[in-house]
Amino acid sequence: MGLENSISEIEVRRYSKAKKQEWDAFCKTAKNQVFLFYRDYMDYHSDRFADHSLIFLKGNTIVALLPANEKDGILCSHGGLTYGGVILDSHAKQHIVNSCFISLIAYAREHKIRKIIYKTVPYIYHRQPAEEDRYALYRCGAKLAEVCAATVVNLKNPLNMSKGRKAQISRAKREGVKVRRVDGKPFFDDFMRLENEVLQSRHQTRAVHSADELYMLSRRFPGQIHLYGAFLEQRLIAGTVVYEYGPAVHTQYMAADDTARKIGALDLAVASVITDYKESKLWLDFGISTEYGGNYLNEGLISQKEGFGGRTVIYETWVYTGD
């Protein structure tokens, strides 16, 4: 029996800027939050996404949040973020989350929202088990629409790197490549220029963030966003931008020029990230190697990531239409 026509004790209200302090305070203690959900991150691209985030209340107490945007009657959680889904208090139990989804569906009907696109937060970012939403989605009749394969290294119990990755790391060291964490604006400019050159030549596209945006976000979140640069004779030839998320660290961008690819400079940069975070984090997430909603696997790309000892964790997207 589905949940969508059940009675809920949860009230849904649309987020407004007046609620910023309450929103961020709830995020701070949530069991599945990432810093992407803080308003100072979400709102930097508010000109591109019409915010329709939601607050779930039981009485006067917030029990969940949903980062979301809306376009043409479609509510998406969230079109501008890698992950979405309800943000849950550490004490949230299954029956409360079920009620949140019952109320979400009722809210969608009332506001003429014909489709809900829902991206779950992968379990590696949970501080406590937090998959109540997946069960509630199933019970409400939502359908699993996309399954993408991300590659993740267990930093506390790592698998051995491949011989190829080890050889490239050794070569980079012999060639004199130096990796260091840098934070100046010129370094972000150089890195994003390199990133866009790679994306343009291989995929005819550009990075989601501009250099100015990424640097601005790194200033807003200096404890979470870092640039690791691989330098050859003071020239940045490769690097990775990493995002820290509680128990995990994620390579948001990785790029290498032709020289770097030959001598393993990016491999050395990734190895440096692993070394720096192996004591403080559980997981290193390289992100997805799939396209077209998971229907195409880039086997060369995932093989490179697996070479660092990574294996697959799933990113899911669900869709609810009420059909």
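Sequence positions, counted from 1, serve as the residue numbers for this chain.
- Comment: E213 does not engage R219 in a salt bridge, judged by the lack of any side-chain N to carboxylate O separation of less than 4.0 angstrom.
- Salt-bridge check for K185 with D212: passed, with a basic side-chain N closer than 4.0 Å to an acidic carboxylate O.
- Heavy-atom contacts from other residues, nucleotides or ligands closer than 6.0 Å to CZ of R206 number 12 or fewer.
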Exercise for the section: Please step through side-chain contact (heavy atoms from CB on, under 4.5 Å) for the pair S53 and R39, ending with a clear verdict. Expected result: CA-CA 10 Å; S53 297; R39 299 310 309 194; 3.3 Å; yes
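- Between E11 and K58 there is no salt bridge, since no side-chain N of the basic residue sits under 4.0 Å from a carboxylate O of the acidic one.
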Problem - Working for ring pair (Phe, Tyr, Trp, His ring centres under 6.0 Å), residues Y320 and Y118 - result: CA-CA 8 Å; Y320 177 84; Y118 185 100; over 10 Å; no
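- Taking the ring centre of Y41 as origin, the terminal cationic atom of R220 falls outside the region bounded by 6.0 Å and 45° from the ring axis.
- Taking the six-membered ring where the residue is Trp, Y296 and Y292 present perpendicular rings, their angle passing 60° and hence far from 30°.
- Side-chain N/O atoms of R139 and Y135 include a donor and acceptor closer than 3.5 Å.
- Among residues at least two apart or in separate chains, side chain to side chain donor-acceptor pair (under 3.5 Å) pairs with a member in residues 28-38 are K31-E132.
- Remark: K112 NZ is loosely packed, at most 12 non-hydrogen atoms of other residues, nucleotides or ligands lying under 6.0 Å away.
- Each of Y215, Y44, F188, F191 was scored for a ring-ring contact (aromatic ring centres under 6.0 Å, His included) with H209, with one residue passing: Y44.
- Using a cut-off of 4.0 Å between Lys/Arg side-chain N and Asp/Glu carboxylate O, R171 and E175 are scored as salt-bridged.
- Separation of the Y107 and H52 ring centroids falls under the 6.0 Å cut-off.
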Problem - Derivation of the side-chain contact (heavy atoms from CB on, under 4.5 Å) call for T120 and W318 - result: CA-CA 8 Å; T120 60; W318 293 68; 4.0 Å; yes
